[in-house]
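Just so it is clear, the model here is predicted, and its values are computed rather than measured. Letters A, B, ... mirror the listed sequences (proteins, then strands); counts begin at 1.
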Number of protein chains: 2
Amino acid sequence: MALSERQQEIYKYIQHFTTEKGRPPTIREIGQNVGISSTSVVNYNLNILEKAGLIAREKEVSRGLRLTGQNGKHLADPRFIQIPLLGRIVAGKPIEIPDAGTSAFEADHESVTLTRDLLGGADSENLYALHVKGDSMIDASIHDGDIVVMKHQETARNGDLVAAWIKDKQQTTLKRFFREKGVIKLVPANPSYKTIEVEPRNVAIQGKVVLVIRQLGAAA
Amino acid sequence: MALSERQQEIYKYIQHFTTEKGRPPTIREIGQNVGISSTSVVNYNLNILEKAGLIAREKEVSRGLRLTGQNGKHLADPRFIQIPLLGRIVAGKPIEIPDAGTSAFEADHESVTLTRDLLGGADSENLYALHVKGDSMIDASIHDGDIVVMKHQETARNGDLVAAWIKDKQQTTLKRFFREKGVIKLVPANPSYKTIEVEPRNVAIQGKVVLVIRQLGAAA
DNA sequence: AGTATATACGAACACGCGTTCGATGTCAAG
DNA sequence: CTTGACATCGAACGCGTGTTCGTATATACT
């Protein structure tokens, strides 16, 4: 039997949630996120998914569902986290920030699979990864070919390494963020580069870097 | 602080349960299986595990806990690779290369668990990880707090990023390796630092860097 | 029309489950 | 001996969460 659109959506949400949080969602969590107000409707659709063999359910157990099949084994393993690899970061352009709600389910995204503990217990929501293109971020000690894992947010705390779009320079830069009495200081990780001071209105925070990975294989 | 026997047992049970069932256990499930009658005792011990950094908890959420640490279970899974975290890399000292045979299974070693594809198909033998201490490697764009995954070898090919012990300077440095007509050039990744030229006899290769990981969590 | 099936809603029920609190016992420090 | 940190227990509170039931709206087939 063909799955309805809603059932597919539920299935994808279970994938997504389990990967992000390390545990399966509850019926109500599913309902809220696919726009179903009644728990019984979610339950109804879950029973269909179960009959279709896509998920396994355990009765009267909270979060008692899990994905089955090859797909499920990989995604449902709470030790893994899959982060979509959404594009490149280049100096001359702002980072395109995808609509987190929809994009995570787009079919053909590449992704990076990491072990969850690499993220240091941080929230694993709104994460995405970018390939660094060019050496324009070298003042943040980030090089051509590196992968940065970012958390999408528009505010930052002092000391965070953020991707900031500097409006008048039309430029994205990765630097440490410090707010000081009406001025925002962007401090490069490498002290041989200069700190930039800009007005708050001239900066748009695009996200916070949570992980940098540099692979140096044979092709380095 | 050392963990009590009971806490270790709880930790192992969480690991076991999560792997088997695909979801974390509840407090009561833990209690039943390690012989604790009171949920508050389990809660008490979970708080200790959380402070020890072994698990992460989410408040007021059923099954809101997950492991953050690593252990032998991961070794059995071919998608994981567990790399012993053997110490620190400091400029003033050669890297201590441990006896791989014995140390890897010692209980008290920390380790890093990675997904195998991060290593880009490289041989996964003789790998070990080191914490970078201090900014002495900044000319390789490697900073205080980074984790470098190294492959132990005493030779290098041109272009490899190697840890090199420079004998007369009594110093370890991470640079790109180039052999040219009787001279070894050590080129920093950051072009604003200078290339070092040394005689082959004055250099001991200690290993090749295959991966650099920089975690920028809240504690960055 | 009448009937069956698929899909959806909201409410109510009962147990699941994290949280909190008071009480008890142990053991080393003061 | 007293104190305080540590570890444990049992019980109660209250929200979390799966389950069930009555109802409603389509669509298709009889």
Do the side-chain N and O atoms of Asn158(A) and Arg176(A) include a donor-acceptor pair separated by under 3.5 angstrom? no
Taking only the side-chain nitrogens and oxygens of Arg57(A), find out if one of them lies under 4.0 Å from OP1 or OP2 of dT19(D). yes
The side chain to side chain contact (heavy atoms under 4.5 Å, CB included) partner of Pro25(B) among Glu29(B), Lys21(B), Arg28(B), Arg23(B) is Glu29(B)
With a 4.0 Å limit, can you tell me whether Asn43(B) has a side-chain N or O closer than that to the phosphate oxygens OP1/OP2 of dG18(C)? no
Would you mind reading off the distance between Gln32(B) atom CD and dG18(C) atom C1', rounded to a whole angstrom? 15 Å
Distance, rounded to the nearest Å, where Ile27(B) contributes CD1 and dG18(C) contributes P: 5 Å
Sorted by position of nearest nucleotide on DNA chain D, 5' first, the leading residue of Gly64(A) and Tyr44(B) is Tyr44(B)
Using whole Å, report how far NZ of Lys59(A) lies from P of dC15(C). 15 Å
Figure out the CD/P separation between Glu9(A) and dT7(C), and round it to whole Å. 15 Å
dG18(D) C1' sits how many Å from Ile36(A) CD1, rounded? 15 Å
First locate atom CG of Leu54(A), then atom CZ of Arg66(A), and finally report the distance between them rounded to the nearest 0.5 Å. 13.5 Å
Those residues that, when tested against Phe177(A), pass ring pair (Phe, Tyr, Trp, His ring centres under 6.0 Å) (two or more places apart): none
So, taking the atom named CG in Leu46(B) and the one named CZ in Arg57(B), what distance separates them when rounded to the nearest 0.5 Å? 4.5 Å
Determine: side-chain N/O of Arg6(B) to OP1/OP2 of dT8(D), distance under 4.0 Å, yes or no. yes
Atom pair distance, as rounded to whole Å: CD in Glu58(B) and P in dC17(C): 16 Å
Short side-chain donor-acceptor distance under 3.5 Å, Arg63(A) and Ser62(B): yes
If the test is side chain to side chain contact (heavy atoms under 4.5 Å, CB included), which one of Val41(B), Ile30(B), Ile27(B) qualifies with Ile36(B)? Val41(B)
For Arg63(B) and dG18(D), give me the distance from atom CZ to atom C1', rounded to whole Å. 12 Å
Rounded to whole Å, the CG-C1' distance (Leu46(A) to dA6(C)) equals 16 Å
Think Ser62(B) has a side-chain N or O under 4.0 angstrom from the OP1 or OP2 of dG16(D)? no
For Asn45(A), which contact category applies under a 4.0 Å heavy-atom criterion: base, sugar-phosphate, or nothing? sugar-phosphate
Give a yes/no on whether any side-chain N or O of Thr26(A) is located under 4.0 angstrom from OP1 or OP2 of dG16(D). no
Between the protein and nucleotides 10-14 of chain D, list the N/O to N/O atom pairs that are separated by less than 3.5 angstrom.
residue, atom, partner, partner atom, Å
dG10(D), OP2, Ser37(B), OG, 2.1
dG10(D), N7, Ser38(B), OG, 2.7
dG10(D), O6, Ser40(B), OG, 2.5

Of the nucleotides dG16(D), dT19(D), dA7(D), which one has an atom closest to the side chain of Glu60(A)? dT19(D)
